[in-house]
Amino acid sequence: MKAQPYDHSKIEKKWQKQWEETGLYTVEDHVPGKENKFVLVEFSYPSGNLHVGHWYAFSVPDMYARFKRMQGFNVLYPMGFDAFGLPAENAAIKFGADPKQWTYTQMDTMRTQLRSMGASFDWNREVVSCDPEYYKWTQWMFNQFLKNDIVYRAVTTVNWCPKDLTILANEQVTDGKCERCGTEVTQRSQEQWMLRITKYADRLIDDLDALDWPHAIKESQKNWIGRSEGSEIDFAISGSNESIKVFTTRADTIFGVTYVVLAPEHPLVATLLDSVENKSEVEEYIATTKKKLELERQQSKDKTGVALKGVSAINPSNGEAVPVWIADYVLAGYGTGAVMGVPQHDERDNEFATKYALPIIDKPLVDATEITETVKGKLVKTYRLRDWGISRQRFWGVPIPIVYDPEGNAHPVPDEHLPWLLPTDVDHTPDGTSPLARSKELLERTENIFGAGWKPEVETMDTFVDSSWYFYRYLDNKNTEVFADPERMKAWMPIDLYMGGAEHTTMHVLYSRFWVKALHDIGLVAEQEPYTVRRNRGLILGPDGNKMSKSKGNVIDPDEIVARLGADTVRMYLAFMGPYGVTTNYPWDPNGVVGVHRFLERVWKLQSKVVDTETPPTAQLHKSIKKMTADIEEYKFNTSITQMMILLNEWEKVEVVSQSEYKVLLQLLAPFAPHMAEELWYATGESGSVHAASWPQFDELLTKDDTVTIGVSINGKVRAELSVAAEASIQEVETQALALPRVVEYLAGKSIKKVIVVPGRIVNIVATD
Ligand code: ANZ
C-alpha cells in the first residue's frame, strides 16, 4: 500500500459528515441480541466557547462508549445543554444581549465545536433545558410534587448574593461566598418555594451502600447530609412552665452540664426577654448576631454570648439549677437550636466556659440510652441538610407554574396551560426584584385565564432543578404526552455510568438522586437511584500547573490545537495524561500533545508495511488486546494507549505486518482516534465502518510470558542456545534442541546416548565420540 502523508484536516471533517449523514450513532431503544448501556456525561452550560475541560469531560468517556459499542452493547451516549441559569444570564447582561438569543447563539457555536470532537453522540436525542418543550415537564413535575407535599412554601433564612441579586442554596455558597461570582453572601428572611429533600435524608445516605461509587464521593454526600444521632432532652425553666429542649449526641455527659445555651434567634428568647434583668444587653447581642453569617459563627474561635440574668434551667438528671445563656456558636437551624453546655467534654463549650468563668466539672459518664429514658428524653436523628429553596429572583429560568387568587392563595397552573411560558416583554436587568414582575404579558395572560385580580408567581426555578431529571428526557425527547415513555425508561434506566466533575458531588448529584426518589414515590419512575456507577474526573491545568484562567494567561484553546494537530490527537492526548475517573489534576504539556501526534503519524506510516499474506501471530498484539480490554474497563485509557505504543514499536522493527493483524490494530485504535482508524480501515478495502466492527478477541496462549532461552550442551560443553516457550514440555524441549542446526552439525556421525532436560536451564546431550 502506498501511503499519503497524514493530514487530519482532510479526514476529520469528512468522517464527521459521513457519520452524521449515515446516522452511524443513531441509537434504537432495542436491538435484538444487544444489551443496553447508558453512558452519561453532564450536559454543557452554553457559556460560550468550548474549552479543554469540555474536551476532557466528553471526548474521553466517548472512548468508553465506543469500546462498549464494539463489545456488542447498544450504547446511548447523549448530549444536551443546561441552558437556563445565572452564567448564561450574566454573560448576556455583560454583552448587552437578550439572554435567550445569546444562549441559542452560543449553543449553535458549541454544537459545531462539539461535533469537531468526533464523539459518538446521538444528536437526535439532544435536550435543551430552556426549550419550552423541555421545561413544560420541569413545571409538570413541580406540580406533581406540590400535589404530593414534596413542594411547599415557607419563610426561611436565605443566602443572598448582593451582586447577582438572588437567593442561593447552601450548596451554592462556598466559604461564605457566592460560588458563581465570589461575592460575600449575606442572609435575609424570605418566603420561597421549598423542596422537602430533608424527608429523604436517610434514604439518600442509606441507599449509597448499594452503589458502585468511590468511597470519597459517598463520604462527601454523607457529610453534606450530616446525619447525627442523639437525644432530645428537656431542661425545665425554674419558676416557669416553659422548658428548653436541647439536642445532644452526648447524653452520657449530662452530669457535667454547667449551663444551657440558646441560639439568639431561638423563639424562647423572645418569651423570656421581659423577665430577664439585662434586657437591653440581650437585645443588643441579638442585633449583632443578625449581621453574622452562619459559617462565621461556627468557625469563630472567640466565642461570645450573654447570660439571661435571672433565668435558670433544671438539669433533669440531678435536679440542679444551671444558668441560661444565649450565644451565637449555637445555631438556630440545627438540632433544636439549644445546647446543654458540658465544658469538661466539649471543646466549644470549654472555650466558652473558660472565657465567661463558668464552672468546668468532671463527673462520671453514664449510659446514653438509659439516661435519655430516665430523664424522659427522646432518641432522635438530626441532619445538617436543609430543605432545598428553589425560588430565584432572576429572569433566565423556568417560571414557577403558580398563580395567586385575589386573596393571595397559591394555585398550580393546570397542566393544560403548560408550558407556562417565560415572558419575553421583560427588562431582565437584575435589581433584586423579580424581573417577571415587570411583564405586562404575564399578568394579562394570568388574568385572561384565571380572572381579574389573579397574579402570576414571578419567581423562576433554581437551575439545579432543570438538571435533576434531564437524563430521562434523552430517552424520549420528542414525546408530547409524557416526560418519557415508561417502556423507554425501562430499557435504559438506571444509568450504567455517569462521568462528571468533582464540583457536582454534593449539589447536582445529590439533588438528582432526591428528584428520582421523589418521582419514584409518586409512581412516576421505577428506579430509586439514577446512577449505578459514578466517577468524578479531575481538572486539566494550564502548562504552568495552575488552574487555567484568562488572567493567568495559561488557557489552552482546543480549537487552535484541533486545527493544528487534529481532534484525534487532542482526544488521545487527554486520555494519555493519566487514569480517568479519579480526581487527579493533570497539567497540559505542549510537548506531550505533539508526542501523541507523532505516534499517530507513525501509525499512519505503518500502512506501507502491510501485506496481504498471513504472518505468524504477533504475541504482542494479543497481549495488547488483553491489557487494553482490562484497562478500558477501569477507565485507564492512558495505559491502553501505552500498550498500542509498545505494539507499534515492535511492528516498526519488522519487515511486514499482515493485513489481518493490522486491521486488529485499527479496531483497537478506533475508540481513541476514531477518524484515523476509520480512514485507514476503509483504505484496507472494508466497506463498513470500523465503529460498527467488534472489539478484537485475544488468544490466551499467545499472551503468556513466553519464551526462555536455555543453553544446549553436548558432552559437557555449551554448543548452542535454544529459545523455547516457557511452558513447553520436556519432550518438546528435547525435540527442539535436537533439531537446532548447530546441534545437528555437532552430532553428525555420532550416536546419542542420553538427553537430560533441566527445565528452564539447560539441555545436556551425551553422545558417543
Ligand atoms: C453536649 C455535648 C457534650 C455535646 C460533648 C458534644 C460533646 P453533631 O455531632 O455535629 O451533630 N449542638 C447541638 N445543637 C447545636 C446547635 N444548634 N448549634 C451548635 N451546636 C449544637 O453535634 C452535636 C453536638 O453539637 C451536640 O451534642 C451539642 O453538643 C452540639 F462532650 O451536647 B453536645
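Quick note: residue numbers are just sequence positions, from 1. Predicted model, so just to flag it, every value in this text is computed and none were measured. Read the numbers this way: they start at 1 and go in the same order the structure lists the ligands and their atoms.
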J.: Looking at NZ of Lys636 and CD of Glu634, how far apart are the two atoms once the value is rounded to the nearest 0.5 Å?
T.: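 If we round to the nearest 0.5 Å, Lys636:NZ and Glu634:CD are 4.0 Å apart.
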J.: Can you name the side-chain contact (heavy atoms from CB on, under 4.5 Å) partners of Ile314, sequence neighbours left out?
T.: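 With sequence neighbours excluded, Ile314 shows a side-chain contact (heavy atoms from CB on, under 4.5 Å) to Ser238, Ala321, given in chain and number order.
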J.: Taking non-hydrogen atoms within less than 4.0 Å of ligand 1, which protein residues qualify?
T.: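 Ligand 1 is contacted, at a heavy-atom distance under 4.0 Å, by Ser228, Phe247, Thr248, Thr249, Arg250, Thr253, Tyr329, Val330, Leu331, Tyr334, Gly337, Val339, Met340, Val342, His345, Asp346, Arg348, Arg384.
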J.: To the nearest 0.5 Å, what is the distance between NE2 on His504 and OG on Ser220?
T.: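 His504 atom NE2 to Ser220 atom OG measures 14.0 Å (nearest 0.5 Å).
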J.: A quick test of your reading: do over 12 heavy atoms of other residues, nucleotides or ligands sit less than 6.0 Å from NZ of Lys363?
T.: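 No, the 6.0 Å shell around NZ holds no more than 12 heavy atoms from other groups.
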J.: Quick one: are the ring centres of Phe471 and Phe43 less than 6.0 Å apart?
T.: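 When the ring centroids of Phe471 and Phe43 are compared, they turn out to be at least 6.0 Å apart.
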J.: So how far is it from Thr198 OG1 to Trp388 CH2, rounded to the nearest 0.5 Å?
T.: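 Rounded to the nearest 0.5 Å, the OG1-CH2 separation comes out at 13.0 Å.
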